[in-house]
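Contents: one structure, followed by commentary.
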Amino acid sequence: MGLYDALNKEQKKAVCQVEGPLLILAGAGSGKTRVLTHRIAYMIDEMGISPWNILAITFTNKAAGEMRERVDRMVEFGADQVWVLTFHSACLRILRRHIDRLGFDNGFAIYDTDDQKAVIKTVCKHLNIDTKAYKERTLLGAISSAKDELISVEEYAMKAQGDYSKAVYAKVYREYQDTLKKNNALDFDDIIVKTVELFKACPEILDSYQERFRYICVDEYQDTNTAQFELVRMLAGKYRNLCVVGDDDQSIYKFRGANIKNILDFEQHFPDAVVIKLEQNYRSTQSILDAANAVIGNNVGRKDKSLWTSKGSGDRIHFRQFDNAYEEAEYIARDIVKKTKNGNASYGECAVLFRTNAQARLLEERMIMEGIPYNVVGGTNFYSRMEVKDVLAYLKTIDNARDDVAVKRIINVPKRGIGNATLDKLDAYAFAEGTSLYGAMEVAKSVDALSKVAGKIRPFVELIAEARRHSTEMTVAELIRYLLEQLNYAEYLEEYDSDSAEDRMENVEELIAKAISYWENAESPSLTGFLEDVALVADIDTVEDGDNRVLLMTLHSAKGLEFPYVYLSGMEDGLFPSFMSIASDDVTDLEEERRLAYVGITRAMEDLTMTCAKSRMTHGEIQYNAISRFVREIPSDLMDEVVPTPKKKIDFADDYLGFDTRPRATVRPKVTAQADKPFIAKGIGSLNQLAGISKGVPAQTDTEIHYAVGDRVKHIKFGEGTVLGLVREPRDYKVTVDFDNAGQKIMYASFAKLKKI
DNA sequence: TTTTACTTCGTTTTT
DNA sequence: CGAAGTAAAA
């Protein structure tokens, strides 16, 4: 049993509890992956359970890959028989075998967000829906939420009766699903939903998988949505050997449909469940854990638990506030330089985390200036680059001719003189005949309405037909090269934009490299398989460890990772917690943000730095933000002292901004909280002045504001309220106030005449 | 049909 | 501010 000696008592208990439902509440850094892998090894080696009967489900490919690797190392024989997959890849394996039972073709395509948008657009066009009144994002959001909750088109229509806009959503939902089916495509949500549908429609198929997967583990269980819960419930329904691992305090995907009730109510669903709590943390210092515990303690309705460590208290948590986001980024970059110069840290041990992707740009610029090697996780996904999407759309068209979205993308790339007019004709014909766009193109020359455009279309149809013939004997990489040559794609890129052509071609080469590595590693490589692989990569999957770079990423991406040195940037009310969550009347929205803060804090092993800026540019406006309430929730004895903000060239701008420039040394952040002190904001000419590049434009307005975000104010009509937002506009300030009685209002400062109380 | 110049609009978070 | 979408011109 030497293998299991390194585990603590609770961990051992979790490893040995193999039969029946089991809930492992695993706090951050409590070694849950170790428990999961040991548990699988224990089942196989000690209990004699066949690897064939084990299913382990995670959320990201990265997590699945790591678990697979560790299981392979630990289990002597048959480890490859264990399914270690993400929800999506597991469902896809099942659907590729059986989806014909639901009337789809087994070679179905997978639609990403862009594809979904394109579908919504055509749906709105066909249904004559004004996309100004009904935003695509909103429509897609409604559809996605419905699917997360397993609400079918029919149910949605039923529930929508009497509600006009819901009825519109219902119509769009129906048409959207019909379009997907016609295109032989599934979106991300469908991958789960259709598997559940399949199991419901075909009990014998469900039974075969129940027999196969007698032992099921689900990681990150707090992130499961209703559809995923139902899937797991069905699969485990027969043998009930279901082990779920999660931490309700790390549930941060509500917006994606994650239902925190799945974990909170696990014991109701499975009354005989064994519950094991893992509270010993092996990652962070006590100070960091104390801070995390203090913050998360403000949430109600959570499973009570408290992390502890046998490590020492470690350094205090650092906190710095800056005048603007540039200085914040500069500080972080220089601090990293300092740490690495000392020889204490390597770049790869540092991570900078933030709430929104938009914050990455500024930080990135600073990293470049200081010569720090870095990687930004996410942001513009490799697979969403124009040139990559073009090539993929060709491959998709070859793979699945019914995929209208792919065809539309490439029909005029490179230019073939096919514009909206031609496309509309084809679309009208295809819609009337119930065929696909490509189907319409194939028969164009023998259709009167299309005969005029048939000539333009022909080369495209011939190219695809020829490529399709080749696709059976070529590897994906060879097929891509063939296409590039036939299309003169390099030339097209050059014409499109000569400056970027080289970079873009490099991206295409990278795609080819990925195709080659797919072909070498896949069990039975195919074009369909490659496209599937590509569709399912998450941002975090592409992170390579060990190349010694500072990682820049969102807090969401950081979940599950750990770093010795962590910077939490943009700790500002309105940014983090987000404006939406502060303004929301649903308190659980703010609690979710707090869990995100908890996730962020607990990423740090040794050293945690929190930073914020008094002002920052947000879509062309200067926003003034108060220090994040989450910073204030940390007891001040855990924080280091606040040193004065480094002042340099920016100094004179203080006159414009009227910022309090008194030294802040030796004052703890709780006391310095910006919102506690009024500042007077005066109009400034432009951001350039802020940066010290004066254009000689004097201050334009004389608006003076005597309150800040977070302050209590009084309005002559609406009464008392709290300032939620303060945004500078060309000649006034836009103030958002949450009034105690009148609710939330947005108004101009010069009219509102608010008084601070 | 394609290019250009202008307006509008938005920011959470992502498998 | 920048992307993306729309209207007008070529």
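Quantities reported herein were computed from a predicted structural model and do not represent experimental measurements. First the proteins, then the strands, lettered A, B, ... as listed; each starts at 1.
- Annotation: salt bridge (charged side-chain N to carboxylate O under 4.0 Å, His left out) contacts of K254(A) (sequence neighbours excluded): D586(A), D589(A).
- For S578(A), the side-chain contact (heavy atoms from CB on, under 4.5 Å) partners are R355(A), M580(A), S581(A), E593(A), not counting sequence neighbours.
- Partners of F563(A) by ring pair (Phe, Tyr, Trp, His ring centres under 6.0 Å), not counting sequence neighbours: none found.
- Shown here are the ring pair (Phe, Tyr, Trp, His ring centres under 6.0 Å) partners of F108(A), two or more places apart in sequence or in another chain: there are none.
- Under the ring pair (Phe, Tyr, Trp, His ring centres under 6.0 Å) criterion, Y176(A) pairs with no residue at all, not counting sequence neighbours.
- The nearest whole Å value for the distance from the NZ atom in K117(A) to the P atom in dA3(C) is 14 Å.
- Residues forming a salt bridge (charged side-chain N to carboxylate O under 4.0 Å, His left out) with K415(A) (at least two apart in sequence, or on another chain): none.
- Computed from coordinates, the M386(A) CE to dA4(C) C1' distance equals 15 Å when rounded to whole Å.
- Ring planes of F576(A) and F630(A): perpendicular class, angle over 60° (limits at 30 and 60°).
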message = Dot-bracket, 5' to 3', for DNA chain B please: Watson-Crick or G-U pairs under 3.5 Å, [ ] where pairs cross earlier ones, | where the partner sits on another strand, dots elsewhere.
response = ||||||||||.....

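- Residues satisfying the ring pair (Phe, Tyr, Trp, His ring centres under 6.0 Å) test with Y134(A), not counting sequence neighbours, are none.
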Measure all distances between protein nitrogen or oxygen atoms and nitrogen or oxygen atoms of nucleotides 8-10 of chain C, and list the pairs falling under 3.5 Å.
none

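- Atom name P, nucleotides dT13(B) and dA4(C): the rounded distance is 15 Å, in whole Å.
- The side-chain contact (heavy atoms from CB on, under 4.5 Å) test applied to A358(A) returns T356(A), not counting sequence neighbours.
- Listed by chain and number, the residues in a salt bridge (charged side-chain N to carboxylate O under 4.0 Å, His left out) with K32(A) are D219(A), E220(A) (sequence neighbours excluded).
- If you check every strand for non-hydrogen atoms under 4.0 Å, N412(A) touches sugar and phosphate atoms only.
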key: B/S/- contact track for nucleotides 9-15 of chain B, protein heavy atom under 4.0 Å   = -BBBBBB

